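Please read the structure below before turning to the comments.
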Amino acid sequence: MSETIFDKILRKEIPAEIVYEDESAISFKDISPQAPVHVLVIPKVKVAGFADFESRSNEEVGALFKAAAITARKLGLADDGYRIVVNQGRNGQQTVDYIHIHILGGRPMNWPPG
Ligand code: 5GP
């Protein structure tokens with residue numbers, strides 16, 4: 001797997017505003033927010049994309065989603081709701097090859113997505 005900007009954020013080699021961290025994941029603010037709250041959640045054990053979850057353990061997959069739910073609650077989004085997004089591959093507009101859950105909140109979301 002090629003090195004990404006998120007590998008550097010995980011190693012704290014480049015700054016990011018970390019909002020949650022546990023033994024399996026970290027959550028940090030997106031550098032280019034698309035909503036009043038826009039946070040990314042990544043696993044500490046690297047996975048390139050959502051498609052690669054097929055070969056990972058249920059624990060790994062579950063831990064990332066659990067970290068996202070905890071992050072959203074800690075950000076105060078639980079009552080009003082929020083959107084989680086995982087972009088996969090070229091058609092999904094994935095630009096960083098390190099799996100990340102987007103948490104978007106602080107305003108009503110539109111549907112369908114673009
Ligand atoms: P993707 O398009 O791969 O689903 O999302 C990648 C996200 O990473 C984008 O929302 C982009 O703004 C964010 N991003 C890219 N580079 C950096 C960075 O250096 N720091 C932070 N915090 N976010 C980044």
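Remember, predicted model here, so these are calculated numbers, not experimental data. Index from 1, following the sequence.
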Cluster partners of I31, using ILVMFWY side-chain heavy atoms under 4.5 angstrom, listed by chain and number? none
Mind checking whether M1 and L10 sit in one hydrophobic cluster, side chains of I, L, V, M, F, W, Y counted as touching below 4.5 Å? no
Any residue meeting side chain to side chain contact (heavy atoms under 4.5 Å, CB included) with E13, in chain and number order, not counting sequence neighbours: K8, R11
Using a cut-off of 6.0 Å, state whether more than 12 heavy atoms not belonging to E54 lie near its atom CD. no
Those residues at least two apart in sequence (or on a different chain) that pass ring pair (Phe, Tyr, Trp, His ring centres under 6.0 Å) with F6 are F28, H100
From OG (S32) to NE2 (H38), nearest 0.5 Å: 8.0 Å
Hey, could you give me the OH/CD1 distance between Y98 and I9, rounded to the nearest 0.5 Å? 10.0 Å
What pairs of residues pass the salt bridge (charged side-chain N to carboxylate O under 4.0 Å, His left out) test when at least one of them lies in residues 24-51, not counting sequence neighbours? D7-K46, E17-K29, E21-K44
Say you draw a straight line from CD of Q88 to CD of Q93; how long is it, rounded to the nearest 0.5 Å? 12.5 Å
Running the 4.5 Å side-chain criterion over Ile, Leu, Val, Met, Phe, Trp and Tyr, what cluster does M109 land in, apart from itself? V85, L104
Which residues end up grouped with V39 if you chain together Ile, Leu, Val, Met, Phe, Trp and Tyr wherever their side-chain heavy atoms are less than 4.5 Å apart? V19, V37, V41, V47, F50, F53, V61, L64, F65, L75, L77, Y82, I84, V86, I99, I101, I103
Residue list, side chain to side chain contact (heavy atoms under 4.5 Å, CB included) with A69, at least two apart or on another chain: none
With sequence neighbours left out, what residues match E60 under side-chain hydrogen bond (donor to acceptor under 3.5 Å, both in side chains)? R56
Smallest separation among heavy atoms of P36 and G106, with atom names: CG-O, 3.6 Å
Is there any side-chain hydrogen bond (donor to acceptor under 3.5 Å, both in side chains) pair reaching into residues 62-79, and which pairs are they, with sequence neighbours excluded? S27-T71
List in chain and number order the residues that pass side-chain hydrogen bond (donor to acceptor under 3.5 Å, both in side chains) with Y20, two or more places apart in sequence or in another chain; answer none if no residue qualifies. D22
Contacts of E23 meeting side-chain hydrogen bond (donor to acceptor under 3.5 Å, both in side chains) (sequence neighbours excluded), chain-then-number -> none
Salt bridge (charged side-chain N to carboxylate O under 4.0 Å, His left out) contacts in which one or both residues fall within residues 94-105, not counting sequence neighbours: none
